[in-house]
Structures are given as C-alpha cells and as structure tokens.
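Heads up, the thing below is written out as structure tokens.
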Amino acid sequence: ASNGPDTLPDEGLSYVRPKTGDKLLLKEAVETAGDLLLGADVMAREYGWNLLCKFFDNMGPIPHHMHQSDAFAKLVGQKGKPEAYYFPPQYNQIQNNFPHTYMGLEPGTKKEDIRRCLEKWNQGDNGILFHARAYRLEPGAGWQINPGILHAPGSLVTYEPQVNSDVFAMFQSEVEGRIVGWELLTKDVPAEHNKDLDFLVSMLDWEANINPRFAESNKTFPTPVRSMDEMKAEGYIEKWITYGTPYYSAKELTVLPGRS
C-alpha cells in the first residue's frame with residue numbers, strides 16, 4: 001500500500017504462517033505455488049493474485065480523484081485500477097458526515113472546465129465539485145468505478161473489491177478545509193508531464209465521466225444466486241453483490257438464525 005512517508009515495507013501485505021518454519025508472504029506463496037493455490041488458468045491469465053478486497057470506513061469524503069487505466073499506468077511501471085463498492089446494511093447503522101459520493105462530471109462539462117480547475121490549484125478550493133454530480137449512498141447497493149472515472153467516496157462503510165494497484169490522481173485541491181498537494185495529482189504521472197495540464201486531463205475517460213445515465217450504467221443491486229424461497233428453506237441467503245466486470249466478482253452469504 002502507498003500510505004505516505006511512514007509506510008512500512010510490508011504495509012498491506014498478507015502472510016502465511018505454516019505449522020512449521022517461518023512465516024512467508026502470501027505473494028511469495030502464490031509465486032511459488034500459484035497453480036495449486038489459484039489454479040493454472042488464473043495464473044496463466046493474471047500472472048498471480050491480481051485482486052484486493054478491503055473495507056474502508058471514513059467519517060467524511062475523500063477528494064475527487066481517479067485511477068489510471070492500464071495505458072496510463074504502464075507509463076510509470078504500474079497497472080490500472082478498476083474498483084467496485086458495496087455498502088453492507090449490517091455495517092451502516094449510522095452514515096457519518098457525508099453519505100454521498102461525487103461520481104463523474106455533469107453532462108455538458110468541457111475539458112477546458114477541468115483544465116481551469118487545475119490552473120487554480122494553488123488558490124484554495126479549485127471548484128471541481130461544481131462540475132460533478134453527487135449521489136446519495138444506499139445501504140445494500142453498490143457501484144462500479146472503471147479507470148479514468150472521477151469519484152469522491154463518501155462516509156458509508158464500504159466493501160471494495162479492486163485490482164491490486166495503488167495508482168491514483170487527485171483532481172480536487174481542497175476537501176473539508178484540508179489542502180491536497182499537487183504531488184497527489186501527479187504521483188503516478190511521468191515526470192515530464194507533471195505540469196502538462198492537457199496530459200493530466202487526458203487521463204480521464206471523458207465519455208464515461210459525462211455519461212448522462214451514469215447511475216443506470218454503474219449502480220449495482222444485489223442479485224440472488226437462486227430462488228430466495230429455496231435458499232431460505234436451506235437456511236441461508238446468498239447474493240451477488242459485485243458482478244458484470246472481467247476483473248472481479250463478490251457474493252454476500254447470510255446464514256439464517258438457528259441454522260449452520
């Protein structure tokens with residue numbers, strides 16, 4: 001994980017603790033015995049464990065930002081980062097300070113509008129949210145955010161499957177009075193383009209951002225894996241909560257009271 005200057009060398013990495021011998025990184029186990037652990041087809045396609053699932057629990061919003069596509073991430077030796085959100089009702093009894101997420105841009109927004117926001121970076125709030133749409137977050141629903149789409153996650157507890165990459169570019173210069181440094185916009189940008197505003201704007205998937213039916217395209221709802229009556233009769237409920245992409249999928253399993 002990329003969590004600033006105090007990041008530990010093994011930040012975010014998982015370990016395997018065998019019955020005998022020293023612990024080893026899960027990454028090393030997959031590299032050594034990936035065919036056994038993940039399957040030969042997965043190793044041939046993904047070259048390893050290409051997925052991270054996490055929960056985040058923020059009191060307030062994160063700055064409006066995007067994750068680069070493979071094409072842009074490769075320029076700095078990284079890979080692109082699609083991600084999905086699901087808001088478990090079980091963990092969202094309260095909604096904290098800002099249960100909304102800005103996603104994409106208002107239809108009709110021009111690239112010149114976002115370029116002007118970058119020009120105003122050192123003048124306080126650069127006003128990018130004036131060009132964005134906010135959606136009220138719904139417990140029990142979710143979203144798919146592909147690379148190149150601007151988003152500013154809100155304050156619900158969120159389950160997030162994603163490709164295991166840390167690339168990002170912050171496009172908002174101030175959030176809740178906190179200043180966002182220019183280096184967080186350009187940390188995954190080739191050095192020669194760090195001040196190239198046209199290049200920075202070009203990283204955005206423009207049509208996806210100004211999609212007038214963004215919610216229809218990107219919002220997801222749980223889908224039972226089979227008949228609800230059949231599952232309840234067997235003591236459980238299982239739903240697809242993340243689906244429809246080639247990158248990852250996820251299910252939610254509920255064991256009913258008194259059943260196992």
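Surrounding OH of Tyr91 are at most 12 heavy atoms belonging to other residues, nucleotides or ligands under 6.0 Å away. With a 6.0 Å radius and a threshold of 12 heavy atoms from other residues, nucleotides or ligands, Arg136 has its CZ atom above the threshold. Annotation: Phe130, atom CZ; neighbour count of heavy atoms from other residues, nucleotides and ligands within 6.0 Å does not exceed 12. Other residues, nucleotides and ligands contribute only 12 or fewer heavy atoms inside 6.0 Å of the CG atom of Asp22. Atom CH2 of Trp49 sits in a sparse spot, with 12 or fewer heavy atoms from other residues, nucleotides or ligands closer than 6.0 Å.
Note that the CG atom of Leu197 and the CG atom of Leu185 stand 8.5 Å from one another [nearest 0.5 Å]. In this structure, Leu150 CG and Ile145 CD1 are separated by 10.0 Å, a value rounded to the nearest 0.5 Å.
When the ring pair (Phe, Tyr, Trp, His ring centres under 6.0 Å) test is applied to Phe72, the partners found at least two apart in sequence or on another chain are Phe199. Scored by the ring pair (Phe, Tyr, Trp, His ring centres under 6.0 Å) test, His131 finds no partners at all (sequence neighbours excluded).
For Glu252 and Tyr86, the side-chain atoms include at least one donor-acceptor pair closer than 3.5 Å. Remark: the Tyr15 side chain and the Asp10 side chain contain an N/O donor-acceptor pair separated by less than 3.5 Å. In this model, a donor atom of one side chain and an acceptor atom of the other lie less than 3.5 Å apart for Glu83 and Tyr85. Under 3.5 Å, the side chains of Ser217 and Asn211 contain a donor-acceptor pair of N or O atoms. No side-chain N or O of Asn164 forms a donor-acceptor pair with one of Lys81 less than 3.5 Å apart.
Under a hydrophobic-cluster definition in which Ile, Leu, Val, Met, Phe, Trp and Tyr are linked whenever side-chain heavy atoms come within less than 4.5 Å, directly or via other members, Met203 and Leu75 are assigned to the same cluster. The cluster map of Ile, Leu, Val, Met, Phe, Trp and Tyr, joined by side-chain heavy atoms under 4.5 Å apart, puts Phe87 and Phe55 in different clusters. Ile179 and Trp182 fall into different hydrophobic clusters, where Ile, Leu, Val, Met, Phe, Trp and Tyr residues are linked whenever their side-chain heavy atoms come under 4.5 Å apart, directly or through other members.
Aromatic ring centres of His151 and His64: separated by at least 6.0 Å.
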* To do: List the steps and the verdict of side-chain contact (heavy atoms from CB on, under 4.5 Å) for Val30 and Leu38.
  => CA-CA 8 Å; Val30 171; Leu38 302 180; 3.8 Å; yes
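At a threshold of 4.5 Å between non-hydrogen side-chain atoms, the residues Gln68 and Gln78 do not count as touching. No side-chain heavy atom of Glu238 sits less than 4.5 Å from a side-chain heavy atom of Pro224. Contact check for Ile237 versus Met228: side-chain heavy atoms found under the 4.5 Å cut-off.
Judged by the 6.0 Å distance and 45° axis criteria, Lys54 is not positioned over the aromatic ring of Tyr159.
Residues Glu31 and Lys27 are paired through a salt bridge, judged by an N-O separation under 4.0 Å between the basic side chain and the carboxylate.
Using bins of under 30°, 30° to 60° and over 60° for the plane-to-plane angle, the ring pair His65/His67 lands in the perpendicular bin.
Closest heavy-atom contact between Met66 and Leu204: CG-CD2, 3.7 Å.
For the salt bridge (charged side-chain N to carboxylate O under 4.0 Å, His left out) with Asp113, the qualifying choice from Lys110, Arg116, Arg115 is Arg116, the only one to do so.
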